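Notes for the one structure printed next.
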Amino acid sequence: TLMALALFDDILSVAPNASLLILTRRNAAMIRTLASEYPQVEVREIPNGFLALPFFAKILVQRDWTFLTLGLVSIGYSFPLKLFFLALSLIPGNRTIGFHDRLLDVSLNFNISLLMIDNLRRLLPYALPEGRESMGRPPHLRIRKDKPKDFPFEKEKYIVAHLFGVSIPHTLPPHRWSTLFARIRKEYSAYKIILTGAPPQRQ
């Protein structure tokens with residue numbers, strides 16, 4: 001999410017009048033909060049089941065979309081999403097751009113030797129005619145920084161670790177985390193460690 005927002009920051013630096021629409025099935029509220037510093041960004045949650053059909057149909061009646069699919073492997077896309085990509089690419093004026101999917105107008109191979117943001121920035125020349133040159137800067141984004149009123153940790157005295165990826169292969173086994181946190185606690189003894197995750201992962 002953060003690297004996608006960094007890419008959108010790049011787009012808005014080149015085309016400040018652009019409007020960006022994020023479609024997601026997960027974490028819509030969190031993404032909406034993080035993106036709230038950008039009034040040009042709208043977040044819509046993709047509904048489940050048959051409700052997805054009118055949702056996508058409403059988008060398809062509009063023209064001249066440049067659609068970036070930021071998933072890295074096509075196997076992760078559901079069948080309705082694949083149909084949506086295909087329909088988008090068949091409508092004149094639209095462009096679909098992303099990684100590893102033959103249904104897209106422009107399909108790049110994800111380069112594992114590059115950082116995530118550098119891979120995403122490879123999409124810019126196809127998304128923006130003005131964006132053909134490298135951005136030439138570290139990832140940059142504006143995110144909301146206000147914390148809950150009862151936030152118990154002193155400013156700049158905590159380390160946040162999000163332990164869980166979206167799938168098991170992206171999650172380190174618990175003994176690896178234990179080793180990592182022991183090292184962090186030794187080197188940064190003054191810092192609190194905050195762990196984040198979904199409720200089922202609390203234990």
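Remember, it's a predicted structure, so these values are computed and weren't measured experimentally.
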Shortest non-hydrogen contact from F85 toward F67: CE2-CE2, 3.5 Å
Spacing of F181 atom CZ and L195 atom CG [to the nearest 0.5 Å]: 4.5 Å
Separation between CG of L68 and CG of L20, rounded to the nearest 0.5 Å: 8.5 Å
Gap separating the CG atom of L23 from the OG1 atom of T69, nearest 0.5 angstrom: 11.5 Å
Single-linkage hydrophobic cluster, 4.5 Å side-chain cutoff, I112 and L70 together: yes
Flag, side chain of Y38 to backbone of D9, donor-acceptor distance under 3.5 Å: no
Minimum-distance pair of heavy atoms, taken over all atoms of R137 and R121: O-NH1, 2.6 Å
Any side-chain heavy-atom pair of F99 and L104 under 4.5 Å: no
Residue pair A18 / L12: nearest heavy atoms and the distance that separates them: O-CD2, 3.7 Å
Value rounded to 0.5 Å, distance of CG in N119 from CE in M3: 12.0 Å
pair E42-S19: side-chain heavy atoms closer than 4.5 Å: no
pair I193-R185: side-chain heavy atoms closer than 4.5 Å: yes
Residue R25 excluded, over 12 heavy atoms near CZ under 6.0 Å: yes
Any I31 side-chain heavy atom under 4.5 Å of R26 side chain: no
Test applied, side chain to side chain contact (heavy atoms under 4.5 Å, CB included); reference residue, Y126; option that passes from D105, T66, I97: I97
CZ-OG distance between F8 and S13, expressed to the nearest 0.5 angstrom: 13.0 Å
Residue pair A52 / P47: nearest heavy atoms and the distance that separates them: CB-O, 3.5 Å
Gap between atom NE2 of H140 and atom CD1 of I117 - 0.5 Å precision: 12.0 Å
Shortest non-hydrogen separation from A15 to L128 and the atoms involved: CB-CD2, 4.2 Å
Side chain to side chain contact (heavy atoms under 4.5 Å, CB included) partner of N111, the single match among L108, N109, L114, L115: L114
H100 side chain vs F110 backbone, donor-acceptor pair below 3.5 Å: yes
Pair listing, side chain to side chain donor-acceptor pair (under 3.5 Å) test, anchored in residues 27-36, at least two apart: none
Side chains of W65 and L21 in contact at under 4.5 Å (non-hydrogen atoms): yes
Steps toward side-chain contact (heavy atoms from CB on, under 4.5 Å) verdict (E37, L5): CA-CA 10 Å; E37 286 293 309; L5 288 175; over 6 Å; no
Pairing residues for I91 by the side-chain contact (heavy atoms from CB on, under 4.5 Å) criterion, not counting sequence neighbours: L60, R63, N94
Hydrophobic cluster (4.5 angstrom, side-chain heavy atoms) - remaining members for F50: L53
Sub-4.5 Å side-chain heavy-atom contact between V14 and L124: no
